[in-house]
Amino acid sequence: MKKLTRIMAAFVCLAMIAATFAGCGQKAGEPSSTPDTPPAQNSGTAGETNYLDNEPLRIGTMAHQMGVFIYYADKHDLFKEAGINVELAIFSGGAAVNEAFGAGELDGAISGLASVYALANNLVKMVGEVDTVGSDCLVVRNDSDVLSVKGQIDGKPDMYGSAETLRGKNFVCQLGQAHQFYILKYISQFGLTEEDINFINMEDAAGAQAFMTGNGDMIGTKMPYCYDMCVTDGGYTVAATVGDATGIEIKDPILFTPEVIENRREEVKIFLKVIYGLVDQMAADYDLYTQAVNEMYTENGKEYDNAKADYEFSKNRLLTTKVIGASDYFMGDGMQAVADFYGTTGAIAAENVDNVYQNYDTSLVEEALGIQVQAFGK
């Protein structure tokens with residue numbers, strides 16, 4: 001299945017373009033007691049217009065960490081309390097979110113790395129980021145020869161692999177999604193390209209099951225599957241963390257279409273107040289965080305418990321109001337790094353690469369939260 005990367009990426013981009021023209025931190029200290037009712041939102045909606053008579057904002061996300069804030073807010077009616085209607089849709093992955101944007105079926109989303117295609121094709125604007133992706137990883141079985149070489153890349157003493165042990169290997173991941181990018185960045189450090197490996201295209205849950213029954217040589221995976229393999233089972237090893245694989249701090253973005261930003265700006269700002277209110281509260285209240293992620297994962301068919309929440313939270317960073325207002329934060333720096341890499345591989349047309357950072361808009365979150373936020377720029 002060589003060369004599927006370029007074919008898949010081109011298909012995703014062409015599909016979105018065609019649809020468009022056709023239709024148009026750190027872990028908190030000791031946890032406090034878990035609240036019996038949802039926390040009051042410090043949304044500052046007093047005196048604002050009530051938008052509950054409007055059509056709902058159609059928002060998409062996935063049942064992964066980035067979706068916990070909107071999932072919790074929707075489940076506990078926090079959007080209605082703040083004065084807006086939100087219609088939440090859960091997607092299997094970021095490529096499906098992109099397709100929904102291209103078909104005009106979404107107004108906004110909290111999505112992942114695959115959003116780079118939607119940004120490059122001017123379908124959406126990034127208006128914020130909610131967390132970092134630190135628990136994703138590339139995993140091999142304990143008997144893999146990939147583990148025979150460690151620390152070959154300067155500055156990455158814990159990363160396994162070499163050109164010799166990786167060439168010709170079969171990598172399990174969902175094409176067009178974040179893990180395909182992780183794999184390509186990982187092998188590029190050893191001088192390899194997509195021509196040197198094979199992809200087995202499977203969605204996350206099916207891919208994890210297939211890998212654990214002997215298919216493929218390495219898998220790009222996420223929570224809770226990386227925990228199931230490397231901690232619960234113990235017969236697997238993390239060959240590369242997402243940080244070592246990419247050299248980038250991957251962040252999950254908040255996205256809205258240009259039309260919604262122009263025509264429903266105040267509702268988008270209220271949405272941002274609710275989301276960042278929860279990000280702040282979950283970063284400060286670990287019990288609230290574990291309650292929320294357990295609800296989301298278990299209600300979407302994934303086995304989850306507090307041990308898995310501990311693991312995930314220890315490796316990911318929540319981008320609180322304080323974090324995004326800091327002088328060393330630049331919204332979208334990771335996403336632009338992804339776009340730049342895809343520009344070199346042809347997955348994104350060279351002339352579209354800079355559309356990504358040009359589609360960053362910090363003005364809404366600045367107005368919503370009363371802070372200054374820097375966006376990445378060239």
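For the atom pair Lys185 NZ and Leu138 CG, the distance stands at 13.0 Å (nearest 0.5 Å). The CG atom of Asn122 sits 9.0 Å away from atom CG of Leu119, with the distance rounded to the nearest 0.5 Å. Atom OG1 of residue Thr193 and atom CZ of residue Arg167 lie 9.5 Å apart, to the nearest 0.5 angstrom. Taking NZ of Lys273 as the reference point, atom CG of Leu369 lies at 8.0 Å (rounded to 0.5 Å).
Minimum heavy-atom separation, Lys169 to Val146: CE-CG2, 4.0 Å. Closest approach of Ala375 to Phe330, counting heavy atoms only: O-CD2, 4.1 Å. Closest approach of Pro258 to Leu123, counting heavy atoms only: CD-O, 3.4 Å. Closest approach of Ala240 and Met159 over heavy atoms only: CB-CG, 3.7 Å.
Put simply, the side chain of Lys75 reaches to within 4.5 Å of the side chain of Glu295, judged on heavy atoms. When side chains are defined from C-beta on, Tyr311 counts as touching Cys226, because their heavy atoms get closer than 4.5 Å. Taking the side chain as every heavy atom from C-beta outward, Gln189 and Lys156 approach each other to under 4.5 Å. Inter-residue side-chain proximity for Phe199 and Leu184 is flagged as met; some heavy-atom pair is nearer than 4.5 Å. Tyr329 places a side-chain heavy atom less than 4.5 Å from the side chain of Val373. With a 4.5 Å cut-off on side-chain heavy atoms, Lys308 and Met223 count as touching. Proximity of Met282 to Phe69: side-chain heavy atoms (C-beta onward) are separated by under 4.5 Å at one or more points. Two residues are said to be in side-chain contact when any heavy atoms from C-beta on lie closer than 4.5 Å; Glu87 and Asp107 fail this criterion.
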Side chain to side chain donor-acceptor pair (under 3.5 Å) for Thr321 and Asp280? Distances and angles first, verdict last. CA-CA 7 Å; Thr321 301; Asp280 289 348; 2.7 Å; yes

Apply ring pair (Phe, Tyr, Trp, His ring centres under 6.0 Å) to the pair Tyr286 and Phe313, showing each step before the final yes or no. CA-CA 9 Å; Tyr286 189 58; Phe313 196 79; 5.0 Å; yes

What's the verdict on side chain to side chain donor-acceptor pair (under 3.5 Å) for Arg265 and Ser363, showing C-alpha distance, side-chain angles and the deciding distance? CA-CA 10 Å; Arg265 186 178 184 88; Ser363 66; 2.8 Å; yes

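Ion pairing of Asp217 with Arg141 is absent here, as no side-chain N (NZ or NE/NH1/NH2) approaches a carboxylate O to less than 4.0 Å. At a threshold of 4.0 Å, the pair Asp340-Lys378 counts as salt-bridged, since one of the basic side-chain nitrogens sits closer than that to a carboxylate oxygen.
When ring centroids are compared, Tyr304 and Tyr297 come within the 6.0 Å threshold. Here the two rings, on Phe211 and Tyr225, have centers that are 6.0 Å apart or farther. For Phe181 and Phe341, the gap between ring centers is short of 6.0 Å.
Atom CD of Gln209 has 12 or fewer heavy atoms from other residues, nucleotides or ligands within 6.0 Å. The number of heavy atoms from other shown groups lying within 6.0 Å of CD (Glu55) does not exceed 12. By the 6.0 Å contact criterion, CD on Gln372 is open, its count of non-hydrogen atoms from other residues, nucleotides or ligands being 12 or less.
The aromatic rings of Phe190 and Tyr186 lie perpendicular to each other, with more than 60° between the two planes, well past the 30° mark. Under the 30°/60° scheme for interplanar angles, the aromatic rings of Phe271 and Phe256 are found to stand perpendicular.
Partner of Val127 under the side chain to side chain contact (heavy atoms under 4.5 Å, CB included) criterion, chosen from Asn359, Val365, Thr362, Leu272: Leu272.
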